[in-house]
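Okay, so here's the structure we're looking at.
Atom set for the values below is all heavy atoms of this structure, side chains included, hydrogens, waters and symmetry mates excluded. Atoms within each ligand, like the ligands themselves, are counted from 1 in listed order. Residue numbers run from 1 in the order of the sequence given.
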Amino acid sequence: MTASSLSFRLAVVFVLVGMAMGIGMAMSQDHSIMPAHAHLNLLGWVSLFLFGIYYERRPGLNASKLAVVQVALWWAGTVALTVAVAAIHLGYKAADPLAGMAS
Ligand code: HEM
């Protein structure tokens with residue numbers, strides 16, 4: 001799989017989860033995990049979609065393994081950061097080092 005198609009696919013998964021999180025916050029009227037929602041949407045949806053466009057415009061780079069590794073690392077970092085930021089804002093301060101490593 002190319003880096004751009006991986007980016008676009010992961011971006012769609014992230015926006016669906018991010019929207020579900022937003023709808024959940026709105027319905028419960030509990031916005032405490034808002035920073036996690038914002039990071040998930042901006043790192044997972046917006047940034048990955050931009051990577052997809054960038055790589056698609058550079059076919060040589062798009063086919064490289066290094067670009068796929070970059071996208072995969074971004075995916076892992078975004079998942080870990082979202083979980084850690086949500087945990088911190090729910091009162092689990094012990095998640096702080098995870099947020100640091102994920103970032
Ligand atoms: C179904 C879609 C979405 C729903 C229902 C939703 C809902 C929400 C809610 C309830 C808040 C908390 C607002 C507050 O407490 O002040 C919020 C904040 C935020 N959302 Fe979403 N959201 C959605 C999609 C998105 C998307 C696609 C993005 C980014 C591309 C995004 C970015 C943000 C940001 C950056 C904040 C923080 C705003 C601030 O600092 O006041 N959201 N959203």
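Of the protein's heavy atoms, M34 SD, 3.4 Å lies nearest to atom 37 (C) of ligand 1. Here the heavy atom of the protein found nearest to atom 31 (C) of ligand 1 is N41 ND2, 3.5 Å. When hydrogens are left out, the protein atom nearest atom 4 (C) of ligand 1 is G22 CA, 3.7 Å; that is the closest non-hydrogen contact.
Per-residue contacts place A38 under 4.0 angstrom from the following atoms of ligand 1 (heavy atoms of the residue considered): 34 (C), 35 (C), 36 (C). Listed by number with element, the atoms of ligand 1 under 4.0 angstrom from any heavy atom of M25 are 8 (C), 9 (C), 10 (C), 11 (C), 17 (C). Taking every non-hydrogen atom of V46 and a distance limit under 4.0 Å, the qualifying atoms of ligand 1 come out as 30 (C).
At a threshold of 4.5 Å between non-hydrogen side-chain atoms, the residues F14 and V17 do not count as touching.
Where the criterion is an N or O separation shorter than 3.5 Å, residue side chain and backbone included, H37 meets it with respect to ligand 1.
The shortest non-hydrogen separation linking A3 to A67 is CB-CB, 3.6 Å.
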request  = Please report the C-alpha distance between Y54 and N62 in whole Å, then the side-chain angles of each, then the deciding distance to 0.1 Å, and finally whether the side chain to side chain contact (heavy atoms under 4.5 Å, CB included) criterion is met.
outcome  = CA-CA 9 Å; Y54 176 83; N62 198 19; over 6 Å; no

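Put simply, the residue from L10, L6, L48 that forms a side chain to side chain contact (heavy atoms under 4.5 Å, CB included) with W74 is L48.
Heavy atoms from both the backbone and the side chain of M19 come within less than 4.0 Å of ligand 1.
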